[in-house]
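Contents: one structure, followed by commentary.
Predicted model only: the values in this text are computed from it and were never measured. Values below: all heavy atoms of this structure, side chains included; hydrogens, waters and symmetry mates excluded. Numbering starts at 1 and runs along the sequence shown.
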Amino acid sequence: MFNHRHLISLEKFPKKDIQQIIDTAFNLKEVLERPIKKVPSLQGKTIVNLFFENSTRTKASFEIAAKNLGCSVVGFDISNSSVEKGESIFETVDALSLMGVDLCVLRHPDSVIRDLSDYLPEMVFINGGEGSISHPTQALIDLMTIMEFKESLDGLNIVIVGDLDHSRVTS
C-alpha cells in the first residue's frame with residue numbers, strides 16, 4: 001500500500017502510488033455494480049465532511065463512498081456550528097477529533113489543510129477542494145476517466161479546457 005497518511009496534494013505522490021489509488025478505485029467501482037453496494041473496508045471508522053465552501057458532487061460523493069465502505073458519517077453543517085460564533089477551524093477539527101472522528105474531508109477557500117494535518121497528526125485529512133489552489137481527488141477522478149479509455153497515461157498530451165483561472169485541478 002502507498003505510504004501517505006493524508007491526501008492533501010498529488011504534487012509529492014510518486015506515480016506508482018497514484019496508479020495504486022486508481023487501480024483500487026477501479027476495483028471499488030465494480031462493487032457499485034453489485035445489488036448490495038457495501039463493503040466493510042472501513043467499518044468502525046468515522047468521517048466528517050467539513051465543507052466551508054458550497055459543494056454538491058464532491059460532498060455527496062464522499063458521503064456515499066464512506067457509507068458504501070462501512071464508515072459512520074458525521075453530518076456537519078458549518079452554518080449551524082460554532083464556526084458561526086467565531087470558533088476557529090483548528091478548534092472545530094480538534095473537537096471533532098476528541099469525539100472520535102478518524103478522517104476529515106475538508107473543502108476550504110484558504111490553504112489550511114497542511115497546517116491542520118500538522119496540528120492534528122492522529123486524524124487523516126483528504127483535500128476536497130482548496131479554494132482555487134487544488135483538488136487532488138478531482139484530479140484522480142479525471143485521471144481515472146482517461147484511463148478508462150487509455151491503458152496508460154504515459155506519452156499522453158492532456159489538454160484542459162475551461163476557466164483555468166478558477167480551476168483547482170490545473171494546479
Side-chain angles (χ1 to χ4, degrees), residues 1-25 27-29 31 37-144 168-169 171:
M1 196 61 163
F2 51 93
N3 188 21
H4 303 277
R5 181 158 175 78
H6 310 288
L7 180 55
I8 295 173
S9 167
L10 295 181
E11 186 177 345
K12 295 184 181 181
F13 265 66
K15 181 180 174 183
K16 67 176 181 57
D17 291 355
I18 291 172
Q19 185 63 54
Q20 187 171 13
I21 291 170
I22 292 170
D23 290 344
T24 302
N27 290 334
L28 289 171
K29 187 176 177 183
V31 172
K37 297 169 178 41
K38 295 188 183 260
V39 293
S41 301
L42 296 176
Q43 191 168 7
K45 299 293 182 187
T46 301
I47 76 157
V48 63
N49 287 325
L50 201 56
F51 280 60
F52 285 79
E53 292 182 311
N54 292 334
S55 171
T56 300
R57 287 167 291 283
T58 302
K59 187 174 182 181
S61 295
F62 271 106
E63 185 167 340
I64 291 166
K67 289 179 179 179
N68 285 346
L69 292 171
C71 289
S72 297
V73 179
V74 174
F76 196 92
D77 179 5
I78 298 293
S79 65
N80 289 317
S81 73
S82 293
V83 170
E84 290 296 309
K85 298 187 295 184
E87 181 176 83
S88 77
I89 187 171
F90 291 89
E91 293 167 320
T92 299
V93 176
D94 192 24
L96 292 166
S97 176
L98 291 170
M99 293 177 207
V101 171
D102 301 293
L103 186 147
C104 176
V105 179
L106 179 67
R107 174 172 280 191
H108 199 278
D110 300 320
S111 185
V112 296
I113 195 165
R114 286 165 189 79
D115 292 337
L116 280 167
S117 67
D118 290 340
Y119 178 71
L120 283 170
E122 65 277 5
M123 185 180 282
V124 176
F125 289 91
I126 294 178
N127 182 345
E130 187 175 21
S132 62
I133 301 163
S134 69
H135 196 331
T137 56
Q138 181 63 56
L140 287 167
I141 291 168
D142 293 345
L143 291 172
M144 185 177 170
R168 299 173 189 176
V169 297
S171 301

- Item | Contacts of Glu122 that satisfy side chain to side chain contact (heavy atoms under 4.5 Å, CB included) - sequence neighbours left out | Ser97, Leu120
- Message: For Ile89 and Leu116: C-alpha separation, side-chain torsions, deciding distance, then whether side-chain contact (heavy atoms from CB on, under 4.5 Å) applies.
- Response: CA-CA 8 Å; Ile89 187 171; Leu116 280 167; 3.7 Å; yes
Inter-residue atom distance [X].[atom1] - [Y].[atom2], 0.5 Å rounding:
X      : Y      : atom1 : atom2 : result
Arg114 : Phe125 : CZ    : CZ    : 13.0 Å
Leu7   : Asp17  : CG    : CG    : 11.0 Å
Ile64  : Lys37  : CD1   : NZ    : 11.0 Å
Phe62  : Cys104 : CZ    : SG    : 10.5 Å
Ile78  : Thr92  : CD1   : OG1   : 6.5 Å
Ile113 : Leu50  : CD1   : CG    : 9.5 Å

- Task: Please assess Phe13 against Ile21 for the test side-chain contact (heavy atoms from CB on, under 4.5 Å), listing each intermediate value before the final yes or no.
- Result: CA-CA 11 Å; Phe13 265 66; Ile21 291 170; 3.7 Å; yes
Measure across [X] and [Y] and return the closest heavy-atom pair with its distance rounded to 0.1 Å.
X      : Y      : answer
Ala66  : Val73  : CB-CG2, 3.6 Å
Pro121 : Arg5   : O-NE, 2.9 Å
Gly128 : Val105 : CA-CG1, 4.3 Å
Gly129 : Glu53  : O-OE1, 4.4 Å
Ser88  : Glu91  : N-OE1, 2.7 Å
Arg107 : Ser55  : NH1-CB, 3.2 Å

- Item | Lys67 bridged to Glu63 by N-O distance under 4.0 Å | yes
- Message: Side chains of Thr137 and Asn127 only: does a donor on one sit below 3.5 Å from an acceptor on the other?
- Response: no
- Query: Do Gln20 and Asp23 have a side chain donor and acceptor closer than 3.5 Å?
  - Reply: no
- Knowing that exactly one of Leu96, Val124, Val93 qualifies, which makes a side-chain contact (heavy atoms from CB on, under 4.5 Å) with Val101? Leu96
- Query: Where the side chain of Asp77 meets the backbone of Ser79, is there a donor-acceptor pair that is under 3.5 Å apart?
  - Reply: yes
- Message: Any side-chain to backbone donor/acceptor pair from Ser134 onto Pro136? Under 3.5 Å, distance only.
- Response: no
- Step by step, would you call Asp142 with Gln138 a side-chain hydrogen bond (donor to acceptor under 3.5 Å, both in side chains)? CA-CA 6 Å; Asp142 293 345; Gln138 181 63 56; 2.9 Å; yes
- Query: Is there a side-chain contact (heavy atoms from CB on, under 4.5 Å) between Leu143 and Ile18 once you walk through the steps?
  - Reply: CA-CA 9 Å; Leu143 291 172; Ile18 291 172; 4.1 Å; yes
- Query: Mind checking whether Asn49 and Val74 have side chains closer than 4.5 Å, heavy atoms only?
  - Reply: no
- Side-chain heavy atoms of Val112 within contact of Leu106, under 4.5 Å: yes
- Message: For Lys59, I'd like to know if atom NZ has over 12 heavy atoms of other residues, nucleotides or ligands within 6.0 Å.
- Response: yes
- Message: Assess the residue pair Leu10 and Leu140 against the criterion (side-chain contact (heavy atoms from CB on, under 4.5 Å)); give the C-alpha distance rounded to whole Å, side-chain angles, the decisive distance to 0.1 Å, and a yes or no.
- Response: CA-CA 9 Å; Leu10 295 181; Leu140 287 167; 4.0 Å; yes
- Note on the structure: Across all chains, not counting sequence neighbours, the salt bridge (charged side-chain N to carboxylate O under 4.0 Å, His left out) partners of Lys29 are Glu148
- Task: Describe, in one word, how the ring planes of His108 and Phe52 are oriented to each other, choosing from parallel (under 30°), tilted (30 to 60°) and perpendicular (over 60°).
- Result: tilted
